[in-house]
Amino acid sequence: MCGVRESDLDDVLQEVFLVVYKRLPEYEERGSARAWLYSICTRLAGAQRRKLWRRREDITVNLPEAPAAATQLERVVDSEALALGHRLLERLPREQRDVFWLYEVEELTIAEIAQAMGCPLQTAYSRLRAARQRILAEVQLATSKEPEHA
């Protein structure tokens, strides 16, 4: 989620709880609590992503899944679609990706997103529109290059 590897989610979640606990007395009920929490989460996720550049190993408890059998076409298609979605999100500038994720996945309102990101409302709308246009163009390009399945 938000660029944090699944193996690091528990650690980052713990950090979120610690920050919320420390900053709760400073919280002002001017806006949405969801937006306040999201701003904390995005800052910690960004810090975690920056830490990844310094890591040299990818430690994992579980072995990677074996490739899906060819008879399980639906799982393959779903997996490819999910991978494409992740690639498309990674290509977006961080501000556009965050607005797109918050609006489309987390279902925050544009006003909540603008507050969480500390930007004007129209900037949040502009980032969402730009992210949607870029993703749509990338999807159209990717699907036009795919060979048809027989």
Point to revise | Rounded distance (nearest 0.5 Å) linking atom CG of Leu128 with atom CD of Gln133 | key: 10.0 Å

Check your understanding: Looking only at heavy atoms, what is the nearest atom pair of Leu92 and Gln96, with distance?
Key -> CD2-OE1, 3.7 Å

Check your understanding: Same cluster for Leu13 and Leu24 if Ile/Leu/Val/Met/Phe/Trp/Tyr side chains link at under 4.5 Å?
Key -> no

Check your understanding: Which pair of non-hydrogen atoms, one from Ser39 and one from Ala116, has the smallest distance, and what is that distance?
Key -> CB-O, 3.2 Å

Review point. Among the clusters formed by ILVMFWY side chains lying less than 4.5 Å apart, do Val105 and Leu108 turn up in the same one?
Key: yes

Exercise for review: Kindly work out whether a path of hydrophobic side-chain contacts (I/L/V/M/F/W/Y, heavy atoms less than 4.5 Å apart) joins Leu18 to Leu37.
Suggested key: no

Review point. If you look at every heavy atom in Ala114 and Leu121, which pair is closest and at what distance?
Key: CB-CA, 3.9 Å

Exercise for review: Verify the cluster assignment for Tyr103 and Val139: are they in a single hydrophobic cluster under the rule of side-chain heavy atoms below 4.5 Å apart?
Suggested key: yes

Review point. What are the two closest non-hydrogen atoms of Ala124 and Val99, and how far apart are they?
Key: O-CG1, 3.6 Å

Point to revise | Test salt bridge (charged side-chain N to carboxylate O under 4.0 Å, His left out) applied to Glu138 and Arg91, Arg87, Arg132, the passing residue | key: Arg91

Check your understanding: Are any of the side-chain heavy atoms of Thr123 and Arg127 separated by less than 4.5 Å?
Key -> yes

Exercise for review: Tell me, yes or no, whether the heavy-atom count around Gln14 atom CD, taken from other residues, nucleotides or ligands under 6.0 Å, exceeds 12.
Suggested key: no

Practice item. Could you tell me whether the side chain of Ser126 reaches within less than 4.5 Å of the side chain of Glu95, counting heavy atoms only? Key: no

Point to revise | Neighbour count above 12 (heavy atom, 6.0 Å) for Phe100 CZ | key: yes

Check your understanding: Distance from Gln122 atom CD to Ile110 atom CD1, nearest 0.5 Å?
Key -> 9.5 Å

Review point. Can you tell me if CZ on Arg23 sees more than 12 non-hydrogen neighbours from other groups inside 6.0 Å?
Key: no

